[in-house]
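Some notes on the structure that comes next.
Per chain, numbering begins at 1; letters A, B, ... match sequence-line order. Please read these numbers as outputs of a predicted model, since none were measured by experiment.
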Protein chains: 4
Amino acid sequence: MTKSKSAKPVKAKSAGAKPRQPDVTRRNILDAALVEFAAKGLAGARVDEIAARSGSNKRMIYEYFGNKEGLWLTVLENAYTRMREEEHAIDVARMKPEEGMRYLMEFNFKFCSRNPEFIALLNAENLHKASYLKDSKKIRELYTPLLVVITDLLQRGQKEGVFRKNVDPVELYTTIAALGFFYFSNIHTLSTIFGRNLLSAKQQKIRLDHSMEVVLGFLRP
Amino acid sequence: MTKSKSAKPVKAKSAGAKPRQPDVTRRNILDAALVEFAAKGLAGARVDEIAARSGSNKRMIYEYFGNKEGLWLTVLENAYTRMREEEHAIDVARMKPEEGMRYLMEFNFKFCSRNPEFIALLNAENLHKASYLKDSKKIRELYTPLLVVITDLLQRGQKEGVFRKNVDPVELYTTIAALGFFYFSNIHTLSTIFGRNLLSAKQQKIRLDHSMEVVLGFLRP
Amino acid sequence: MTKSKSAKPVKAKSAGAKPRQPDVTRRNILDAALVEFAAKGLAGARVDEIAARSGSNKRMIYEYFGNKEGLWLTVLENAYTRMREEEHAIDVARMKPEEGMRYLMEFNFKFCSRNPEFIALLNAENLHKASYLKDSKKIRELYTPLLVVITDLLQRGQKEGVFRKNVDPVELYTTIAALGFFYFSNIHTLSTIFGRNLLSAKQQKIRLDHSMEVVLGFLRP
Amino acid sequence: MTKSKSAKPVKAKSAGAKPRQPDVTRRNILDAALVEFAAKGLAGARVDEIAARSGSNKRMIYEYFGNKEGLWLTVLENAYTRMREEEHAIDVARMKPEEGMRYLMEFNFKFCSRNPEFIALLNAENLHKASYLKDSKKIRELYTPLLVVITDLLQRGQKEGVFRKNVDPVELYTTIAALGFFYFSNIHTLSTIFGRNLLSAKQQKIRLDHSMEVVLGFLRP
DNA sequence: TATGAATGAGGCTTCATTCAT
DNA sequence: GATGAATGAAGCCTCATTCAT
């Protein structure tokens with residue numbers, strides 16, 4: 001939906017023809033569902049709305065995903081998978097430790113900024129106590145490559161004497177995730193409370209800079 | 001609202017008649033609504049369920065709160081108010097800067113731990129882009145006392161030479177909030193992904209300790 | 001529905017007033033459901049149609065009966081109960097054996113004739129292998145008073161020497177039921193096959209007379 | 001229809017291609033439909049289910065039978081035809097009257113026992129007031145051979161003095177049909193009410209013996 | 001002939017809300 | 001103030017049927 005304007009029937013025959021492309025139909029439904037679910041959560045989302053937005057029809061949703069919950073799970077899995085894929089593409093192996101750490105944090109922060117649907121989806125799933133995620137085979141197989149990268153950076157930094165010792169990679173990962181995620185997850189209530197527009201590029205830069213200072217300040221030996 | 005016990009006799013009239021205690025009824029509805037809304041969000045919550053759980057009936061909900069959304073807003077305002085009240089009770093004026101900072105972080109972390117409904121409510125409200133909160137007069141009047149306390153601690157710490165300079169109190173506040181809130185807000189998905197029970201006391205202690213190290217490590221001059 | 005034209009709101013206030021009489025509403029739904037279910041079976045019946053015909057609305061059906069299947073079961077139980085009540089009212093204790101037997105058969109035959117919905121309902125339930133009936137507590141408690149009456153008639157008849165010996169009451173009951181029920185249960189296909197209108201009073205009389213002859217001929221010593 | 005094996009080779013073309021055997025496909029659909037319709041009636045049956053069970057697909061159903069109702073009618077006609085064919089094969093011309101009558105009743109009873117789908121189908125069609133049957137040209141041409149046989153047996157029996165006079169063959173036929181059909185048609189509700197398993201061979205024998213006694217007892221001069 | 005995707009109408013059920021008592 | 005019956009709109013899902021390949 002986002003920018004898949006070109007996702008329309010590739011071989012559109014004559015007018016009124018029914019596209020007969022399962023993959024495209026499926027993809028369109030998932031795109032539409034992501035938007036709807038992210039905007040309203042599982043309970044608030046409307047199957048009719050998803051069907052309409054997808055350019056397909058309700059029946060297809062049930063054909064492909066069984067029911068609303070099946071669609072929810074698939075959307076969730078997709079979002080996670082996409083995130084992990086981007087994470088996986090990160091290559092900081094050749095960067096210096098501190099530079100690498102900055103890069104990682106920047107990626108994490110900007111990923112959250114670019115993908116508000118992902119944020120919304122995760123929050124909604126946490127509302128359900130991750131009950132759908134728990135039943136997902138796919139997700140449990142996904143590990144966090146970021147963790148490996150962080151571990152590597154920490155070791156190299158410690159060896160080079162630029163990072164302190166005794167830092168648990170999992171805790172550091174959680175901290176980095178928190179610093180990026182929380183800001184965007186609570187951006188609307190925070191904006192309201194503080195009376196500032198935290199969505200602005202300026203505010204985002206301030207936040208990212210501060211977060212980096214915090215983590216790097218902490219890491220310094 | 002909080003404790004506006006009217007002078008009316010708490011005990012019910014006599015035999016046969018149902019007790020007529022508007023305040024109690026109202027309070028019961030709010031309590032029931034908090035649980036229901038926190039568990040299922042605004043769209044997923046059921047007015048019937050709230051009525052049943054409150055021991056009252058649906059008519060009363062509409063009598064007191066107008067409609068479901070009015071109830072949602074009131075529950076939200078109540079949660080915020082209660083949180084702010086606890087925050088307000090904090091007194092770190094006489095503590096040493098570093099001790100005070102630790103105390104603040106601990107309070108924030110444990111408040112999140114003790115109030116999962118608050119977390120759920122905030123996330124749900126962010127899903128709606130804080131649209132209800134924005135319309136609330138009450139909330140906009142609430143400022144964050146914590147901010148004042150943090151500013152004071154920072155100044156004292158810098159004067160005493162135990163804290164670095166040029167630290168923006170708002171940013172630091174956000175960081176502290178993030179480190180506490182995120183862990184609990186995403187506790188179910190994180191537990192699933194990491195394969196650990198992050199709700200356990202042990203894991204919570206590890207996280208809190210790490211968070212403190214991060215913030216204090218960063219603050220050190 | 002049948003002749004409960006007078007069942008309308010007893011205390012109908014002004015125009016457009018909502019009758020607030022649970023029992024009447026419930027009764028109206030059951031009456032409407034009997035007609036609809038008998039005409040189309042469980043799967044073919046339409047909840048919308050039942051709601052419309054009952055003068056109430058769909059929501060009430062679910063309020064009182066849970067779902068379509070719950071309504072089906074209740075209608076079935078009601079039909080059985082009503083039938084058993086009429087059966088119970090039969091008093092042949094003072095009739096002579098042969099006269100009593102004729103009377104019983106006539107009642108059975110005419111009950112089927114008068115209650116085509118009952119026939120249809122039973123057939124439909126047999127299509128489901130009596131799965132709803134099996135779960136009904138109510139039905140299992142209903143015994144067949146007719147059986148007692150038949151047993152009594154047989155004994156008296158044998159004592160008086162007008163009936164043969166060694167007749168199993170259960171088998172005789174089944175035979176009598178079959179002779180009445182089958183004719184009405186299959187009346188449409190039989191009419192089509194034979195090219196006669198078996199619904200006519202004349203044909204019904206012929207059938208009843210023959211049936212009586214069969215049973216009494218058999219019973220003669 | 002029955003065995004109109006065309007001259008085409010039964011075996012499929014060669015590798016890769018699906019077998020193209022219209023008659024087989026048609027037959028498979030009818031077999032699947034019989035089971036589905038008998039189990040759930042016309043309204044309850046699912047075209048998808050029939051297609052799946054037949055090993056073919058929905059398109060073929062519409063190709064051959066037009067629509068669901070067309071399929072229903074064909075299944076009904078087929079069932080009737082098969083029944084009549086079996087009836088037709090009966091040859092009691094050389095049996096003694098009483099023996100012949102016993103044989104007929106046994107056939108009728110056992111046919112019902114062997115063909116529960118036929119029972120279910122007839123009941124379902126009666127629910128529709130035989131509306132499909134009435135429009136069937138095929139069915140109206142089918143007469144009941146049994147009727148001829150019964151007439152012959154009655155005449156011979158009366159001539160030989162073993163049967164009473166003034167017995168209407170149509171009525172006797174109906175009685176015989178009732179005694180067999182009813183038992184199986186209502187076997188589930190009767191089993192539930194009586195608390196016995198009437199499907200057992202033992203119970204069936206008891207019933208058949210009793211039915212014969214009834215009819216023969218009645219026929220005795 | 002055969003297949004499976006596509007569809008619109010409609011089915012069952014639930015919900016927030018209102019009204020009579 | 002309190003209760004529970006009543007309601008219309010709308011939600012999720014299914015079905016018979018058609019169409020493109």
Could you state the [atom1]-[atom2] distance from [X] to [N], rounded to the nearest angstrom?
| X | N | atom1 | atom2 | value |
| --- | --- | --- | --- | --- |
| B/Glu49 | E/dA16 | CD | C1' | 15 Å |
| B/Glu36 | E/dC15 | CD | P | 10 Å |
| B/Ile61 | F/dT3 | CD1 | C1' | 13 Å |
| C/Phe65 | E/dT14 | CZ | P | 15 Å |
| B/Ile50 | E/dT17 | CD1 | P | 11 Å |
| D/Met60 | F/dT17 | CE | P | 16 Å |
| D/Asp48 | F/dC13 | CG | P | 17 Å |
| D/Leu71 | F/dT17 | CG | C1' | 14 Å |

(request) Using only side-chain N and O atoms of B/Thr25, determine if any of them is under 4.0 Å from OP1 or OP2 of F/dA2. (result) yes
Of the listed nucleotides ([options]), which one gets closest to any side-chain atom of [X]?
| X | options | value |
| --- | --- | --- |
| A/Arg59 | E/dT13, F/dC15, F/dT3 | F/dC15 |
| D/Arg46 | F/dC19, F/dC15, E/dG11 | F/dC15 |
| C/Val47 | E/dC15, E/dC12, F/dA5 | E/dC12 |
| D/Asn57 | E/dA2, E/dA20, F/dC13 | E/dA2 |
| D/Asn67 | F/dT17, F/dT14, E/dT3 | F/dT17 |

(request) Inspect the contact between A/Arg27 and A/Asp31 and indicate whether a charged nitrogen and a carboxylate oxygen are less than 4.0 angstrom apart. (result) yes
(request) Taking the side chain as every heavy atom from C-beta outward, state whether D/Leu121 and D/Tyr80 have any pair of such atoms under 4.5 Å apart. (result) no
(message) Whether the side chain of B/Lys40 engages the backbone of A/Leu127 through a donor-acceptor N/O pair (distance < 3.5 Å, no angle test) should be reported.
(response) no
(message) Please check: side-chain N/O of B/Glu36 versus main-chain N/O of B/Arg46, any donor-acceptor pairing under 3.5 Å?
(response) yes
(request) Using both distances under 3.5 Å as the test, list the Watson-Crick or G-U wobble partner of F/dA10, or none. (result) E/dT13
(request) Please determine, for E/dA20, whether a Watson-Crick or G-U wobble partner exists with both distances under 3.5 Å, and give it or none. (result) F/dT3
(message) Between B/Glu69 and B/Tyr132, do the side chains contain a donor N or O and an acceptor N or O under 3.5 Å apart?
(response) yes
For a quick check of understanding: with a heavy-atom distance under 4.0 Å over all strands, which category does [X] fall into, base, sugar-phosphate or nothing?
| X | answer |
| --- | --- |
| D/Ala43 | nothing |
| D/Ala45 | sugar-phosphate |
| C/Tyr64 | sugar-phosphate |

(request) By nearest nucleotide on DNA chain E, pick out whichever of B/Leu42 and D/Ser56 is the more 5' one. (result) D/Ser56
(request) For B/Tyr62 and for A/Glu63, locate the closest nucleotide of DNA chain E by heavy-atom distance; then report the residue assigned to the nucleotide nearer the 5' terminus. (result) A/Glu63
(message) Can you confirm whether more than 12 heavy atoms, excluding those of A/Lys129, are under 6.0 Å from its NZ atom?
(response) no
(message) So for C/Lys58 and E/dG11, does any side-chain atom that can act as donor or acceptor lie under 3.5 Å from a complementary atom in the base?
(response) no
